[in-house]
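A quick write-up on the structure given underneath.
Both ligands and their constituent atoms are indexed starting at 1 by order of listing.
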Amino acid sequence: MSDIAALPFRKMHGLGNDFVVLDGRADSRALALDPSRIRAIADRRAGIGCDQLIVVAPPTDRSADVRMLIFNADGSEVAACGNATRCVAWLAMAESGQNSVVIETRAGLLDAESRGPSLVAVDMGPARLDWREIPLAQAEDTLHLGISAGPLADPVAVSMGNPHAVFFVEDADSVDLEALGPGLEHHPIFPERSNIEVATILPATEPGRGRIRMRVWERGAGITPACGTGACATLVAAARRGLTPRRAELILDGGSLEIEWLPDDHVLMTGPVASSFTGLLDVSLLS
Ligand SMILES: N[C@@H](CCC[C@H](N)C(=O)O)C(=O)O
C-alpha cells in the first residue's frame with residue numbers, strides 16, 4: 001500500500017460551471033501541480049472532471065483573507081474566474097463566520113459578500129477596455145473588433161482580468177459554438193487566446209434592467225454552462241454599444257446571473273454557489 005496520503009478535494013459549481021477545489025493551505029502538494037496533473041484531474045473520463053481546477057492558497061497581500069489560483073481544464077493558469085470566485089468566497093465566509101471576504105487573485109483583490117445562504121455578490125473589479133489590456137496583438141477599437149467567423153462578426157473586446165470577445169447575434173442558441181469557438185479562441189488578434197461569447201438582447205421586463213441571453217466558449221475549457229467573467233464582459237459590451245442599461249439579468253445555459261456595471265467602472269456579479277461533494281484525489285493523479 002502507498003504511504004503517500006490522498007489529497008482531499010471538494011467539488012463545487014456556479015450555474016453548472018464546475019470546479020475541483022483543493023486547499024493549498026492544508027496541503028502544499030496542491031500548490032505544486034503541473035499542467036499534466038491538472039489535465040488528468042480535470043479529465044471527465046479518467047479523473048474527477050471539471051471545467052477549472054481551483055487552489056485555495058495563503059494570501060500574499062495582508063488585506064486579503066484567501067488567495068485563489070485558477071487553472072483551466074487544459075492546464076493553463078489564468079487570472080480570473082467569476083463563478084469560482086463566488087465558490088471560494090462562500091467557503092472562506094463559512095470558515096470565518098463573516099458575511100464578507102477579500103479574495104486575492106492574479107487579477108486583483110476582489111470584495112465578496114453573502115446575499116443569502118447560497119448567494120454571493122462579488123465586485124469583479126474594473127472592466128478593462130484598452131486594446132493593450134485585453135490584450136490584442138495590435139491597436140484596434142475594442143468596441144468594434146475587425147474579426148469574423150461564419151455568421152459571427154464585429155465583436156466587442158473586454159477584459160475582466162481575462163480576455164473576452166462578445167458577438168451580438170439575432171439568436172445565440174442557433175450559433176454553432178462547438179465549430180466556431182476553437183478558431184476564434186486562437187485567432188492571431190488574441191496573443192493570450194480569448195474566451196468567446198455570443199449574446200442576444202431580449203426584451204426588458206422592468207425599467208433600468210436589461211435581459212441578455214448568452215452562451216460561451218471558454219478559453220482552455222470549451223463550452224461550459226456558465227461563465228461569470230463572460231457574463232460581466234457581455235453586460236459591459238452591451239452597455240457600451242447602447243443595447244442595454246448598465247444592469248442586466250444574464251441568462252446562461254446553467255441559469256441566471258445579475259450583473260451591474262457600477263459608476264466607478266467596477267462590475268458587480270451576483271449569483272448562486274453549490275457544493276456538490278467531497279472526496280480524496282487518488283495519488284495516481286498526483287504523480
Ligand atoms: N468559468 C470562468 C472563467 C474561467 C477562465 C477562463 N476560461 C479563461 O481562460 O480566462 C468564469 O466563471 O469566469
Side-chain angles (χ1 to χ4, degrees), residues 11-21 35 38-39 41-42 44 49-55 68-90 103 105-108 110 112 119-128 133-136 155 157-166 177 181-182 184-187 190-199 212 214-237 250-259 266-274:
K11 191 76 194 293
M12 301 187 80
H13 72 90
L15 300 177
N17 175 200
D18 65 347
F19 314 110
V20 167
V21 182
I38 292 166
R39 283 194 293 273
I41 295 167
R44 293 194 190 273
C50 61
D51 297 320
Q52 275 86 33
L53 181 134
I54 305 298
V55 181
M68 64 187 279
L69 311 177
I70 306 158
F71 301 91
N72 281 322
D74 72 355
S76 57
E77 185 174 2
V78 295
C81 177
N83 290 325
T85 306
R86 294 198 312 281
C87 292
V88 171
W90 184 88
I103 301 188
T105 68
R106 275 181 43 196
L110 307 179
L119 197 65
V120 174
V122 183
D123 177 342
M124 292 297 294
R128 294 154 206 188
E133 298 175 294
I134 306 299
L136 301 179
V158 177
S159 171
M160 288 306 308
N162 57 352
H164 295 269
V166 183
L177 258 187
L184 287 166
E185 173 189 348
H186 292 91
H187 192 288
F190 303 119
E192 296 179 10
R193 302 187 281 150
S194 186
N195 299 286
I196 306 297
E197 285 81 22
V198 291
I212 307 173
M214 185 206 104
R215 294 173 58 227
V216 64
W217 173 272
E218 282 198 36
R219 174 178 67 169
I223 291 177
T224 66
C227 177
T229 50
C232 296
T234 299
L235 181 270
V236 168
L250 270 286
I251 303 164
L252 316 176
D253 289 350
S256 287
L257 290 172
E258 196 68 28
I259 309 290
H266 283 225
V267 184
L268 189 66
M269 169 196 62
T270 306
V273 167

> Of Val78, Ile38, Ile41, Ile54, which is the lone residue that meets side-chain contact (heavy atoms from CB on, under 4.5 Å) with Phe71?
Replying inline: Ile38

> For ligand 1, is any non-hydrogen atom under 4.0 Å from Asn162's backbone (N, CA, C, O), its side chain (CB onward), both, or neither?
Replying inline: side chain

>> Show me which atoms of ligand 1 lie under 4.0 Å from any heavy atom of Asn83.
In response: 11 (C), 12 (O)

>> Give me the residue, atom name and distance of the protein heavy atom closest to atom 2 (C) of ligand 1.
In response: Cys81 SG, 3.0 Å

> Short list, please: which atoms of ligand 1 are under 4.0 Å from a heavy atom of Gly82?
Replying inline: 11 (C), 12 (O), 13 (O)

> Should Ile70 be counted as touching ligand 1, given the test is an N or O pair under 3.5 Å?
Replying inline: no

> What are the atoms of ligand 1, with element, lying closer than 4.0 Å to any heavy atom of Gly228?
Replying inline: 11 (C), 12 (O), 13 (O)

>> Below 4.0 Å from ligand 1: does a non-hydrogen atom of Cys227 turn up there or not?
In response: yes

> Taking it one step at a time, do Arg193 and Asp74 satisfy side-chain contact (heavy atoms from CB on, under 4.5 Å)?
Replying inline: CA-CA 13 Å; Arg193 302 187 281 150; Asp74 72 355; 3.2 Å; yes

> Any idea which atoms of ligand 1 are less than 4.0 Å away from a heavy-atom of Val78?
Replying inline: 5 (C), 8 (C), 9 (O)

> Do you know which of Val120, Ile103, Ile70 makes side-chain contact (heavy atoms from CB on, under 4.5 Å) with Val88?
Replying inline: Ile103

>> Can you see whether Thr224 engages Glu218 through a side-chain donor-acceptor pair at a distance of less than 3.5 angstrom?
In response: yes

> At the 4.0 Å heavy-atom cut-off, does Thr224 count as touching ligand 1?
Replying inline: no

> Taking the side chain from Asn195 and the backbone from His164, do they hold a donor-acceptor pair closer than 3.5 Å?
Replying inline: no

>> Distance alone, cut at 3.5 Å: any donor-acceptor contact between the side chains of Gln52 and Asn17?
In response: yes

> What's the shortest distance from atom 6 (C) of ligand 1 to any protein heavy atom, and which residue and atom give it?
Replying inline: Asn195 OD1, 3.3 Å

> Quick one: nearest non-hydrogen protein atom to atom 7 (N) of ligand 1, plus distance?
Replying inline: Glu218 OE1, 2.8 Å

> Do any N or O atoms from the side chain of Arg86 and from the backbone of Gly271 form a donor-acceptor pair under 3.5 angstrom?
Replying inline: yes

> Would you call Ala80 a ligand 1 contact, heavy-atom distance under 4.0 Å?
Replying inline: yes

>> I need the contact type for Gln52 against ligand 1. Using non-hydrogen atoms and a strict under-4.0 Å cut-off, is it side chain, backbone, both or neither?
In response: side chain

>> I need the nearest protein heavy-atom contact for atom 1 (N) of ligand 1: residue, atom name and distance, please.
In response: Asn17 OD1, 2.7 Å

>> Any donor-acceptor pair under 3.5 Å linking the side-chain atoms of Asn162 with those of Thr229?
In response: yes

>> Please determine whether side-chain contact (heavy atoms from CB on, under 4.5 Å) holds for the pair Asp18 and Arg44, giving the CA-CA distance in whole Å, both sets of side-chain angles, and the decisive distance to 0.1 Å.
In response: CA-CA 11 Å; Asp18 65 347; Arg44 293 194 190 273; 2.8 Å; yes

